Amino acid sequence: MVQQPFSQMVNIPTAEELIGLAFSRSQRASPSIPLRASLLTRTKRISEARLRALCDILCAKLNRFYNSTPKFDSLHPFYKALLELLVKIEDYERARRRLLTSQRIIRKLTRDYVRRIRLSNDVDEVRNIRREAYGRIASVIKRLRKHLKLLEYVRNELRNVPSIDPNELIFVVAGYPNVGKSTFVDRVSSAKPKIAEYPFTTTEINVGHFTWNNVRVQVIDTPGLLDRPLSERNKIERLAISAIRYLANVIIFIIDPSESSGYTLDEQFSLFNDIRSEFSETPILVVLNKIDISPKENVDRCERFFGVSLLKIIAKDGIGTDMVIEEALKMAGID
Ligand SMILES: Nc1nc2c(ncn2[C@@H]2O[C@H](COP(=O)(O)OP(=O)(O)O)[C@@H](O)[C@H]2O)c(=O)[nH]1
Ligand SMILES: [Mg+2]
């Protein structure tokens, strides 16, 4: 299974936390000093060692942040879309670059101040140089404040979103609440669906998997996403939903003709129209669920509305679900 690009991001501290941590750790550096060394030699050696340690610790940290933060260009279009919703891409890329340039600045400052320490012949002067070096390095980190904050924000929002393997097909299940979406995903998945988060929405989404004639498929159940009219959504939710166009190979739209879910057929047709226009390029497979308790006239109304014969299933008993999968695979271009 391919790693979701944001799941591996390391925790990014605030500038103050980073300074505190690196400074206290660098104080542990203790160089070996000849026993009879003068106070001046001792001060110079310790100052140099701690300054170098500070530099190494900070650069190692910044490098880890950099390496664990995915480059925008390398992302799958779905993740690109989510990231664009969260932050300005130029800000994100600038934050990443600053992690590198700050390391260069810290190394240069360290070299310069180590040189000055070595040239000094006065204990107080050495202490002043060291203090100045610490101040300069701390302000390099302080200037990273908003960049670190932005990267940590991205990490928090995106580290639990679903992982998408670009080599797998993705079916996204849509339909009003209680029409049987989770039941369907549960039925067709070979293992218990995993829970993932979707940013900008309050609910979690279920990601199921199965393999059909060697084709690996992810089925995604999206409570809170494709289960009510888009007109009820705020702007950010709409954008978040529209990112699904990069995700779904096929949308499986489930209708409950029994209306036991609490939504009338008209409401369900209208949600379908909504999704049809939002995802104009994604094939949508309409499925009638709860056939065991649906009156025939309602089933007939559905078929009249769509003008075709529709797949009829009883998701709770797994009846007809295989046909749904076969049909969805055909729509995805796989026979
Ligand atoms: N009679 C009947 N009930 C079903 C069927 N499929 C699901 N249900 C029931 O419908 C209710 C809602 O199902 P759920 O999968 O949670 O719907 P979701 O909100 O769309 O995910 C549950 O009580 C299910 O047991 C079906 O084929 N027939
Ligand atoms: Mg559900």
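What you see is a predicted model, and the numbers here were worked out from it, not measured in a lab. Just follow the structure's listing: the first ligand is 1, and inside any ligand the first atom is 1.
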Measuring from the heavy atoms of G175, does anything fall under 4.0 Å of ligand 1?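 Contact absent.
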Take V217 and L329, measure what side chain to side chain contact (heavy atoms under 4.5 Å, CB included) needs, and give me the verdict at the end. CA-CA 9 Å; V217 182; L329 284 168; 4.1 Å; yes
Option nearest atom 27 (O) of ligand 1 (shortest heavy-atom distance, choices S258, S261, A174, A315):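 That would be A315.
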Which bit of I254 gets closer than 4.0 Å to ligand 1, counting heavy atoms only: side chain, backbone, both or neither?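 Within the 4.0 Å criterion, I254 makes no contact with ligand 1.
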Mode of I314 contact toward ligand 1 - side chain, backbone, both, neither (heavy atoms, under 4.0 Å):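 Within the 4.0 Å criterion, I314 contacts ligand 1 through backbone and side-chain atoms alike.
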Taking distance alone, with N or O pairs closer than 3.5 Å, would you say T183 contacts ligand 1?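 Checking ligand 1 against T183, an N or O pair does fall under 3.5 Å apart.
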Can you confirm, on distance only, whether ligand 1 has an N/O atom lying under 3.5 Å from any N/O atom belonging to G180?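 So ligand 1 has an N or O lying under 3.5 Å from an N or O of G180.
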Considering only heavy atoms of S182, which atoms of ligand 1 have at least one such atom less than 4.0 Å away?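 Listed by number with element, the hits are 15 (O), 18 (P), 21 (O).
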State whether S182 contributes an N/O/S atom found under 2.8 Å from the Mg ion (ligand 2).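 Short answer: yes, at least one N, O or S atom is under the cut-off.
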Quick one: sort the F272 and F306 rings into parallel, tilted or perpendicular, breaks at 30° and 60°.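 The arrangement is perpendicular - the two ring planes meet at more than 60°.
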Are I319 and I313 connected into the same hydrophobic cluster when the rule is that any two of I, L, V, M, F, W, Y join if their side-chain heavy atoms are below 4.5 Å apart?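 Looking at the clustering, I319 is in the same group as I313.
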Right, does atom 21 (O) of ligand 1 have protein non-hydrogen atoms nearer than 4.0 Å?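 Protein heavy atom within 4.0 Å of atom 21 (O) of ligand 1: present.
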For F6, run the side-chain contact (heavy atoms from CB on, under 4.5 Å) check against L75, N160, L82, N156 and tell me which one passes.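 The residue from L75, N160, L82, N156 that satisfies side-chain contact (heavy atoms from CB on, under 4.5 Å) with F6 turns out to be L75.
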Would you mind telling me which of I105, T110, I19 makes a side-chain contact (heavy atoms from CB on, under 4.5 Å) with I137?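 So the option named by the test is T110.
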Please identify which of these residues, N178, D256, N289, meets the side-chain hydrogen bond (donor to acceptor under 3.5 Å, both in side chains) condition with S261.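 Between S261 and the candidates, side-chain hydrogen bond (donor to acceptor under 3.5 Å, both in side chains) is satisfied uniquely by D256.
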